[in-house]
Amino acid sequence: MKTEPDVFSFDDLVKAKKRTTPWEGVRNYQARNFMRDHMKVGHQVLVYHSSCEVPGIVGLGEVAREAYPDKSALDPNSEYYDEKAVKDPSRWVHVDVKGTARLTKPLSLAELREIKGLEAMLVLRRGMRLSIQPVTDAEAKIILKLGKPAAL
DNA sequence: GCCAACGTTGGC
DNA sequence: GCCAACGTTGGC
């Protein structure tokens, strides 16, 4: 799951109440569908920092709650407000994510590109903007091994 | 700040 | 339903 650290960083997640946050603001159907249809409680999440000095995977989390309506879409004062969601609150949904571990060896995008076995990762694909992407078990295994996660 | 790549919108 | 125009993402 990508996040811009200037907006919401992995540290912010760690500092959040119960280290858990509603993953608000996703306004892309593919990403929404992925949360809604595939992310179940307990599923592991890789947290990726984008649009920052060193983009890359910095931490781990887990799905703490299955998809439910994103209330930021209903708040006219939110930058994520969507008037179309007022009539249809299930238009935008999100899961809750709980931070579980920090990578003591964060894996930058540049490093990820060099790691054997990760060649097919979507995040490495040119022009890949999807903010929530599936990761295979094999890929996750490699990342967990190299990233040396420290439980929170 | 640039710009390629992509998603969305809206006229037809 | 097509597709041009536009807006956004995100690495560099």
Side-chain angles (χ1 to χ4, degrees), chain A residues 1-16 20-39 43-63 66-136 138-149:
Chain A
M1 300 180 88
K2 294 188 197 172
T3 186
E4 298 185 24
D6 295 343
V7 178
F8 189 87
S9 68
F10 185 72
D11 278 339
D12 291 330
L13 175 61
V14 171
K15 284 183 234 154
T20 300
T21 194
W23 206 262
E24 287 179 347
V26 172
R27 297 292 178 269
N28 170 281
Y29 293 113
Q30 247 186 297
R32 177 205 66 183
N33 292 349
F34 191 71
M35 280 196 286
R36 187 189 60 196
D37 302 334
H38 299 291
M39 298 183 72
H43 282 184
Q44 191 160 56
V45 170
L46 306 179
V47 179
Y48 177 94
H49 279 170
S50 66
S51 291
C52 57
E53 203 168 333
V54 185
I57 300 168
V58 295
L60 307 180
E62 66 182 23
V63 177
E66 283 181 28
Y68 62 102
D70 183 338
K71 66 176 173 7
S72 71
L74 308 177
D75 175 4
N77 297 318
S78 168
E79 62 173 315
Y80 302 125
Y81 177 64
D82 176 7
E83 60 178 16
K84 289 179 188 161
V86 175
K87 286 181 183 168
D88 176 20
S90 62
R91 178 179 171 90
W92 299 118
V93 300
H94 59 66
V95 297
D96 284 356
V97 176
K98 176 176 186 173
T100 57
R102 184 189 305 277
L103 295 195
T104 55
K105 297 263 182 193
L107 297 169
S108 71
L109 179 60
E111 288 169 321
L112 292 171
R113 290 193 193 286
E114 302 300 318
I115 296 169
K116 200 160 173 258
L118 301 186
E119 297 85 356
M121 277 192 84
L122 291 180
V123 75
L124 305 184
R125 198 175 291 175
R126 212 159 86 88
M128 189 64 218
R129 304 184 314 178
L130 190 59
S131 62
I132 300 176
Q133 305 173 1
V135 175
T136 68
E139 289 161 350
K141 202 172 171 186
I142 293 170
I143 288 159
L144 291 188
K145 188 173 175 197
L146 297 175
K148 305 207 182 308

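In the text below, chain A, chain B and the rest are named by the order of the sequence lines, each starting its count at 1.
Contact check for A:Met1 versus A:Val47: no side-chain heavy atoms found under the 4.5 Å cut-off. With a 4.5 Å cut-off on side-chain heavy atoms, A:Lys71 and A:Tyr80 do not count as touching.
Just one of A:Leu146, A:Ile57, A:Val58 meets the side-chain contact (heavy atoms from CB on, under 4.5 Å) condition when paired with A:Leu103; it is A:Ile57. In summary, of the residues considered (A:Asp96, A:Leu13, A:Asp12), a side-chain contact (heavy atoms from CB on, under 4.5 Å) with A:Thr21 occurs for A:Leu13 alone.
For A:Val54, the side chain to side chain contact (heavy atoms under 4.5 Å, CB included) test picks out A:Ser108, with sequence neighbours left out.
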Verdict with reasoning, A:Trp92 to A:Tyr68, per ring pair (Phe, Tyr, Trp, His ring centres under 6.0 Å): CA-CA 8 Å; A:Trp92 299 118; A:Tyr68 62 102; over 10 Å; no

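Taking the charged nitrogens against the carboxylate oxygens, A:Asp82 and A:Arg91 do have a contact shorter than 4.0 Å, which makes a salt bridge.
If you measure from atom OH of A:Tyr80 to atom P of C:dT8, you get 13 Å, rounded to the nearest angstrom.
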Hey, what are the protein-to-nucleotides 9-12 of chain C N/O distances that come in under 3.5 Å?
{"unit_1": "C:dG10", "atom_1": "OP1", "unit_2": "A:Lys2", "atom_2": "NZ", "d": "2.7"}
{"unit_1": "C:dG10", "atom_1": "OP1", "unit_2": "A:Arg129", "atom_2": "O", "d": "2.7"}
{"unit_1": "C:dG11", "atom_1": "OP1", "unit_2": "A:Tyr48", "atom_2": "OH", "d": "2.8"}
{"unit_1": "C:dG11", "atom_1": "OP2", "unit_2": "A:Ser51", "atom_2": "N", "d": "3.0"}

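Closest of all the heavy-atom pairs between A:Ala31 and A:Leu130 is N-CD1, 3.8 Å.
Residues of residues 24-32 of chain A having a heavy atom closer than 4.0 Å to DNA chain B, listed by number: A:Asn28, A:Tyr29, A:Gln30.
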